[in-house]
Amino acid sequence: MPDWAALAAEVSRLTGDVISPAALGTASGGCINRAVVLEGRTRRYFVKYNDPARLDMFAAEAEGLEALAAARAVRVPKPICWGTGGGAAFLVLEHLELVPADARAQALLGERLAALHGVTRPQHGWHRDNTIGATPQRNAQTSNWAEFFREQRLRPQLRLASEHGYRDLARAGEKLLAHVDALLAGHAPAASLLHGDLWGGNAAATADGEPVIFDPAVYFGDRETDIAMTELFGGFATAFYDAYRAAWPLPPGYRTRRTLYNLYHVLNHANLFGGGYANQARRMIDALLAEVR
């Protein structure tokens, strides 16, 4: 555990607020980071913390939140500061009281996510690397989407899978890499601003029904990757998809691309957590290879 007095002193210095190390509230920080709520004189702060070596991960997350906020499409928690103190790296965010999104908030999220995806750049990728969960995520920029997804998304995960002992999975994945261009033939998506890790646990709403997204892995790429991930672990209502498609319909071929895009996240889960994710990834690879035989 961090030295709370030292961590609170550093947060106080960076925010200009006075924060008591005794004013701690528990909070969910997900499976990668831990989190607390700190009380200042006039406001609360949501503070994520991890080992000091994770500082760059928090800096990249803060930049991602700033990029999403600048789009003025979907609300995100405002990043306030980040640094190290008390033997921990930390990221201080605006504290929001969040509740599960009802159907109305889900519909608003669908509309606003389409607006977010309308923010585009000439190249896929981002100006810096970041993380997907705790895994490094490479974002070298290129105008070729198939090349980007093959080299910056699938290949690094397959290398990690081999290092973690999933050698049969990695060999099957290497065969798939040779067919990524074929699976994405004729599909040249705009490079849209993406949340990058949009599963149900990373979206909620304020008490007055405003949708909020958080814990991003931002980059510019095919908007379908965000939509695909919403379907991977559930948590999004029909109202969300109806509203998104009304604002910006998905092109033909999405169902096959959905499997390809979600393979990245399932491989990442296999590399982070093991369990049955490696078997799930292998089934996805086999299904995709069957599409090109």
Side-chain angles (χ1 to χ4, degrees), residues 7 10-11 14-17 27-38 40 43-50 54-85 88-99 101 105 108-109 111-121 124-139 141 191-206 210-221 223 225-226 229-230 235 265 268:
L7 189 149
E10 182 63 7
V11 174
L14 291 171
T15 61
D17 202 349
S28 172
C31 53
I32 304 301
N33 302 300
R34 291 149 286 177
V36 294
V37 177
L38 293 180
R43 63 185 299 187
R44 289 181 170 181
Y45 303 91
F46 183 84
V47 182
K48 301 168 70 169
Y49 65 96
N50 209 312
R54 292 290 187 178
L55 177 60
D56 191 61
M57 175 183 73
F58 286 145
E61 180 177 344
E63 285 194 46
L65 288 167
E66 289 170 345
L68 295 174
R72 299 183 181 275
V74 188
R75 186 170 182 180
V76 298
K78 179 183 177 181
I80 297 170
C81 62
W82 56 94
T84 56
F90 60 82
L91 171 61
V92 180
L93 302 172
E94 169 190 17
H95 181 267
L96 298 174
E97 295 286 353
L98 298 177
V99 298
L108 283 173
L109 178 57
E111 290 178 12
R112 294 179 183 181
L113 186 67
L116 178 72
H117 291 163
V119 177
T120 62
R121 294 289 184 271
H124 304 283
W126 203 29
H127 69 276
R128 63 167 298 163
D129 295 341
N130 51 13
T131 56
I132 181 73
T135 307
Q137 178 169 266
R138 291 169 25 182
N139 291 317
Q141 297 180 77
S192 293
L193 179 58
L194 305 176
H195 177 282
D197 195 10
L198 194 58
W199 68 288
N202 287 345
T206 61
E210 182 179 16
V212 181
I213 55 177
F214 42 88
D215 293 349
V218 164
Y219 66 101
F220 286 84
R223 65 191 175 101
T225 60
D226 266 354
M229 194 180 189
T230 67
H265 296 292
N268 187 49

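Sequence positions, counted from 1, serve as the residue numbers for this chain.
Arg75 is listed as a side-chain neighbour of Glu94, based on a closest heavy-atom distance under 4.5 Å. Side chains of Asn33 and Met57 form a contact here, defined as non-hydrogen atoms less than 4.5 Å apart. Side chains of Pro216 and Val76 form no contact here, defined as non-hydrogen atoms less than 4.5 Å apart. Two residues are said to be in side-chain contact when any heavy atoms from C-beta on lie closer than 4.5 Å; Met229 and Asp197 meet this criterion. Two residues are said to be in side-chain contact when any heavy atoms from C-beta on lie closer than 4.5 Å; Val74 and His195 fail this criterion. For the pair Val212/Pro77, a side-chain contact is recorded, criterion being any heavy-atom separation below 4.5 Å from C-beta on. The side-chain heavy atoms of Phe214 and Leu98, taken from C-beta on, include a pair separated by under 4.5 Å. Residues Asp129 and Pro136 form no side-chain contact, since every pair of their non-hydrogen atoms from C-beta on lies 4.5 Å or further apart.
Interatomic distance, OH of Tyr45 versus CG of Leu91, reported as 13.5 Å (0.5 Å rounding). Atoms CG and CG, on Asn202 and Asp215 in that order, are 4.5 Å from each other to the nearest 0.5 Å. Summarising the geometry, atom CG belonging to Leu116 is positioned 14.0 Å from atom CD belonging to Glu111; distances are rounded to the nearest 0.5 Å.
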CA sep, side-chain torsions, deciding dist, call: Trp82, Glu61, side-chain contact (heavy atoms from CB on, under 4.5 Å): CA-CA 10 Å; Trp82 56 94; Glu61 180 177 344; over 6 Å; no

From CA spacing to verdict: side-chain contact (heavy atoms from CB on, under 4.5 Å), Leu14, Val92: CA-CA 10 Å; Leu14 291 171; Val92 180; over 6 Å; no

Glu63 and Trp126: CA distance, side-chain angles, deciding distance, side-chain contact (heavy atoms from CB on, under 4.5 Å) verdict: CA-CA 11 Å; Glu63 285 194 46; Trp126 203 29; 3.8 Å; yes

Full working for side chain to side chain donor-acceptor pair (under 3.5 Å) between His117 and Asp226: CA-CA 9 Å; His117 291 163; Asp226 266 354; 2.9 Å; yes

Verdict with reasoning, Phe90 to Leu38, per side-chain contact (heavy atoms from CB on, under 4.5 Å): CA-CA 12 Å; Phe90 60 82; Leu38 293 180; over 6 Å; no

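For Pro211, the side-chain contact (heavy atoms from CB on, under 4.5 Å) test picks out Leu108, Leu109, Arg112, with sequence neighbours left out.
Heavy atoms only, all atoms of each residue included: Gln137 and Ala217 are closest at NE2-O, 3.3 Å. Taking every heavy atom of both residues into account, Thr120 and Ser192 meet most closely at CG2-OG, 4.0 Å.
Under a 3.5 Å cut-off, the side chain of Asn268 and the backbone N or O of Ile132 do form a donor-acceptor pair. A donor-acceptor contact shorter than 3.5 Å links the side chain of Asn139 to the backbone of Arg128.
Salt-bridge check for Glu97 with Arg44: passed, with a basic side-chain N closer than 4.0 Å to an acidic carboxylate O.
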